[in-house]
Amino acid sequence: MRKLFLFFGVVSFAAISMSAKEYSVVSPDGQIRITVDAGKTLTWSVEHRGEQVVEPSEMALDIEGMKVRPGVNPKVKKVSRKSVDNVLHPVVPTKFSEIQDRYNEMTLRMAGDYSVEFRAYDNGAAYRFVMNRPGKMTVSNETVEFNMPDGTRTFWPTSQPMRHNYMSSQESIFTGMPVDSVNADMTGYLPIYTQSPKGTRVVITEADVDDYSNLFLQGTSTGRLHGVFPKVIKEKRMKRPDEGWGSDRTEIVLELEPYMAVTGASRTLPWRVAMISPDDAGLLENTLVWQLAKPSVLDDTSWIRPGLISWDWWSGVNVYSVDFEAGINNDTYRYFIDFAAKNGIGYILIDEGWSASTSDIQHYKKDVDIEELVAYGKERGVGIFIWALWNPLEKNLEGILDTYEKWGVKGIKIDFMDRSDQEMVNFYENVAREAAKRHLMVDFHGAYKPSGLHRKYPNVLTFEGVFGNENNKWGEGHVTPAHTIMLPFIRNLAGPMDYTPGAVKNATREDYYSMGAHPMSLGTRAHEAALFVVYESPLQMICDSPSNYNSAPDYLKLLSGMPVVWDETVGIDALMGQYLVMARRSGDKWYIAALTDWTPRDMEVKLDFLPQGKWSMETFADGVNAHREATDTRIGHQTVSTGDSIKFHMAPGGGWVAVLTPVE
């Protein structure tokens with residue numbers, strides 16, 4: 001009898017093994033392997049150099065009225081494979097002017113009119129559902145899991161609580177912790193940075209979010225992270241004045257639908273992405289979000305001109321040593337334009353306060369004449385961007401953009417969306433499309449993270465969604481040098497980031513205090529300067545007052561000469577939240593930047609990434625007394641050769657910048 005039970009056990013095990021089919025796809029360099037199991041549920045796992053960095057994780061869809069639940073009891077009808085090795089040329093290059101798009105793809109075509117595509121890149125892995133049904137579908141939920149190995153650590157967004165339906169401006173600091181410390185009350189917006197027990201970096205995000213809801217992740221007090229999504233809003237209202245600040249811009253959700261999206265039933269869904277690197281320096285070169293997004297839909301992009309932009313709001317439009325009263329008026333804005341023109345800065349931003357009211361953004365105040373300022377700027381080679389609250393813009397998008405086109409402004413900064421649901425995703429798309437028709441560039445502020453819209457519509461230059469420099473105006477010192485060193489490995493990996501660097505008033509940890517009208521940054525001036533090389537934003541703010549910059553000519557000269565797009569990026573050395581060294585090329589010039597946290601560091605960089613030859617190197621470094629006075633800097637000049645080793649010191653909260661020009 002025992003032999004009979006053993007026989008049936010063997011037969012049962014064989015039957016289970018036969019029904020649970022595995023499929024795999026490997027990256028072109030053989031370092032990353034995706035394994036897919038089509039058993040009772042569809043799962044994927046990811047290995048990097050033999051280490052499993054994502055353990056088997058389920059994927060599924062809940063679609064109303066669909067008899068077959070995609071991802072559950074999957075029946076594979078066909079497996080197809082392809083290899084791609086192309087060179088892509090971004091319209092607006094934030095890391096590289098040429099991107100090697102190289103991957104192996106496996107598509108599982110399933111019974112039930114759907115497929116799942118898997119891609120293995122040399123620096124990441126991704127999958128997405130592809131639906132092939134007529135008409136529309138109502139998506140109740142999507143099962144997304146990232147099950148991380150025991151011992152995995154993360155830097156989790158912790159400081160900003162989310163409102164109902166995951167409403168948030170996505171401005172948090174990041175706290176290091178084990179993944180199994182993340183509980184069900186801790187909802188995190190993407191990207192999510194993790195580090196495996198062996199040190200492999202895996203950054204989780206999504207790409208090509210179109211007519212769909214954004215993905216968030218929640219913990220389970222285990223290594224399992226699971227996806228949650230904002231629902232479609234059924235009823236909402238604006239905050240009342242008696243409910244406190246924000247009555248003109250804060251929405252209150254009253255009722256939600258039971259579903260997250262109503263969309264076409266024949267389409268691709270967003271990519272679920274794991275960006276992978278053996279170290280932090282390698283992450284700095286990752287472009288997977290852009291690669292996985294839809295190609296540009298614009299035929300003519302010649303009018304899209306990235307550039308530096310001088311900003312009025314951070315300094316409270318405080319200018320001095322002038323013969324007019326500073327404020328929201330044409331005299332002040334002409335001063336900003338003159339400053340920009342003198343220093344080769346392409347744009348100025350006229351932020352909140354110019355319009356008749358925050359709800360009437362089609363007319364300007366009596367002390368402001370946008371058309372006159374546009375004409376004044378045009379004579380001097382300076383373009384104008386203007387701020388707009390999103391709510392009134394949504395109500396009359398085409399009419400308001402027609403007005404802005406008539407005025408001649410170059411772009412718009414749209415603010416306070418604070419939502420990530422399907423309706424808001426479609427608002428972003430509508431703005432990008434309608435702005436492009438009118439040759440207007442776009443900065444999404446109060447925004448969720450990028451997921452590739454800036455590739456589809458290259459006129460979308462930058463997004464906020466970051467705890468950035470503006471928080472130094474009123475904060476408690478949370479925008480620390482450690483925080484600024486985390487951002488390149490988390491938020492900026494998703495795409496352009498409107499952090500707004502460039503403070504002139506710089507403070508040590510002991511000297512910092514918040515001062516709204518005359519704000520300062522934490523860390524040294526050289527640290528703040530290095531952010532212009534490290535942070536990617538094709539519309540890079542120069543945040544401080546022209547009057548303050550005029551008192552710091554060496555600093556102004558360096559910042560006003562900074563590129564905002566790059567031909568090449570090299571991660572040299574980095575450790576998350578502690579320090580980084582990286583280099584970028586623009587034309588024939590190379591720019592090297594280094595940052596440190598509150599720990600002073602002596603660094604050495606070997607110039608082996610440079611083309612052969614001699615180089616004139618100008619450095620902007622912490623001064624001898626930068627540990628006492630954060631504005632202290634030292635300018636250096638020397639000639640170097642390819643392969644030389646350069647040594648430099650960074651003060652606590654310090655930085656270092658080098659600009660290298662080839663010697664003829």
Side-chain angles (χ1 to χ4, degrees), residues 31-32 44-57 123-126 144-160 170-206 215-228 272-286 288-289 449 466-467 478 480-494 571 573-581 595-599 601:
Q31 300 294 302
I32 293 175
W44 82 324
S45 59
V46 183
E47 295 178 17
H48 175 262
R49 298 181 180 176
E51 178 194 16
Q52 193 170 69
V53 294
V54 178
E55 295 185 339
S57 302
N123 59 357
V144 180
E145 288 186 347
F146 283 88
N147 292 331
M148 314 309 288
D150 288 345
T152 299
R153 293 189 60 81
T154 183
F155 283 82
W156 197 262
T158 54
S159 64
Q160 187 186 49
Q170 302 195 3
E171 299 179 12
S172 287
I173 58 173
F174 301 93
T175 302
M177 63 183 69
V179 168
D180 60 16
S181 295
V182 181
N183 61 46
D185 295 327
M186 299 168 67
T187 300
Y189 57 82
L190 305 182
I192 296 290
Y193 173 102
T194 71
Q195 188 177 137
S196 78
K198 292 184 178 179
T200 302
R201 277 62 167 176
V202 179
V203 179
I204 302 165
T205 192
E206 61 183 338
L215 168 66
F216 293 73
L217 291 178
Q218 281 182 348
T220 58
S221 298
T222 68
R224 174 175 169 265
L225 303 174
H226 73 97
V228 290
R272 309 304 172 204
V273 185
M275 294 180 278
I276 301 172
S277 173
D279 53 35
D280 288 318
L283 286 176
L284 299 171
E285 303 173 17
N286 199 299
L288 278 189
V289 172
K449 51 82 181 68
V466 63
F467 193 71
H478 294 310
T480 64
H483 174 72
T484 61
I485 298 171
M486 293 179 191
L487 296 177
F489 310 106
I490 306 178
R491 166 60 185 83
N492 221 175
L493 271 187
D573 189 15
L575 191 58
M576 171 68 163
Q578 298 184 38
Y579 67 87
L580 70 80
V581 185
L595 299 169
T596 185
D597 57 6
W598 289 123
T599 304
R601 297 184 194 274

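Atoms considered below: every heavy atom in the structure, side chains included; atoms not considered: hydrogens, waters and symmetry mates.
No donor-acceptor pair closer than 3.5 Å links the side chain of Asn492 to the backbone N or O of Leu487.
The ring pair (Phe, Tyr, Trp, His ring centres under 6.0 Å) check on Phe467 picks up His483, with sequence neighbours excluded. Residues forming a side-chain contact (heavy atoms from CB on, under 4.5 Å) with Asn123 (at least two apart in sequence, or on another chain): Tyr121, Asn286, Leu288. Contacts of Glu145 classified as salt bridge (charged side-chain N to carboxylate O under 4.0 Å, His left out), with partners at least two apart in sequence or in another chain: Arg224. With sequence neighbours excluded, the residues satisfying side-chain hydrogen bond (donor to acceptor under 3.5 Å, both in side chains) with Gln170 are Ser420. Judged as a side-chain hydrogen bond (donor to acceptor under 3.5 Å, both in side chains), and not counting sequence neighbours, the contacts of Asp597 are Thr599, Arg601. For the ring pair (Phe, Tyr, Trp, His ring centres under 6.0 Å) test, no residue two or more places apart in sequence or in another chain qualifies with Tyr579. With sequence neighbours left out, Glu51 forms a side-chain hydrogen bond (donor to acceptor under 3.5 Å, both in side chains) with Ser196, Thr200. Remark: Thr484 engages His527 in a side-chain hydrogen bond (donor to acceptor under 3.5 Å, both in side chains) (not counting sequence neighbours).
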Stepwise side-chain contact (heavy atoms from CB on, under 4.5 Å) test for Met177 and Val182: CA-CA 8 Å; Met177 63 183 69; Val182 181; 3.8 Å; yes

Step-by-step side-chain contact (heavy atoms from CB on, under 4.5 Å) determination, Arg491 to Met486: CA-CA 8 Å; Arg491 166 60 185 83; Met486 293 179 191; over 6 Å; no

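One distance of note links CZ of Phe216 with CD of Glu206; it measures 8.5 Å at 0.5 Å rounding. Going from atom CD1 of Ile204 over to atom CZ of Arg272 covers 12.0 Å, rounded to the nearest 0.5 Å. Rounding to the nearest 0.5 angstrom, the gap separating the CD atom in Glu171 from the OG atom in Ser159 is 9.0 Å. Atom CG of Asp573 sits about 9.0 Å away from atom CG of Leu580, to the nearest 0.5 Å. Once rounded to the nearest 0.5 Å, the distance linking CG of Leu493 with OG1 of Thr205 reads 8.5 Å.
Between Leu283 and Met275 the shortest heavy-atom distance is CD2-O, 4.4 Å. Smallest separation of non-hydrogen atoms from Ile485 and Thr596: CD1-C, 3.3 Å. Minimum heavy-atom separation, Glu55 to Ser45: C-CB, 3.9 Å. Here the shortest heavy-atom pairing between Pro481 and Trp598 reads CD-CZ2, 3.4 Å. Considering every non-hydrogen atom in both Lys449 and Leu190, the closest pair reads CG-O, 3.1 Å.
Ile490 has its side chain within reach of Met576: a pair of non-hydrogen atoms, C-beta onward, lies under 4.5 Å apart. The shortest side-chain heavy-atom distance between Val203 and Phe489 does not fall under the 4.5 Å cut-off. Inter-residue side-chain proximity for Arg49 and Pro278 is flagged as met; some heavy-atom pair is nearer than 4.5 Å.
Residue pairs that meet the salt bridge (charged side-chain N to carboxylate O under 4.0 Å, His left out) test with at least one member in residues 189-202, sequence neighbours left out, are Arg201-Asp280. Counting only residues at least two apart or in different chains, side chain to side chain donor-acceptor pair (under 3.5 Å) contacts with residues 172-187 comprise Thr158-Thr175, Thr187-Gln218.
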Using a 3.5 Å cut-off and no angle test, enumerate the donor-acceptor pairs between side-chain atoms of residues 148-156 and protein atoms at least two apart in sequence or in another chain.
unit_1: Thr152; atom_1: OG1; unit_2: Pro149; atom_2: O; d: 2.7
unit_1: Thr154; atom_1: OG1; unit_2: Tyr193; atom_2: O; d: 2.7

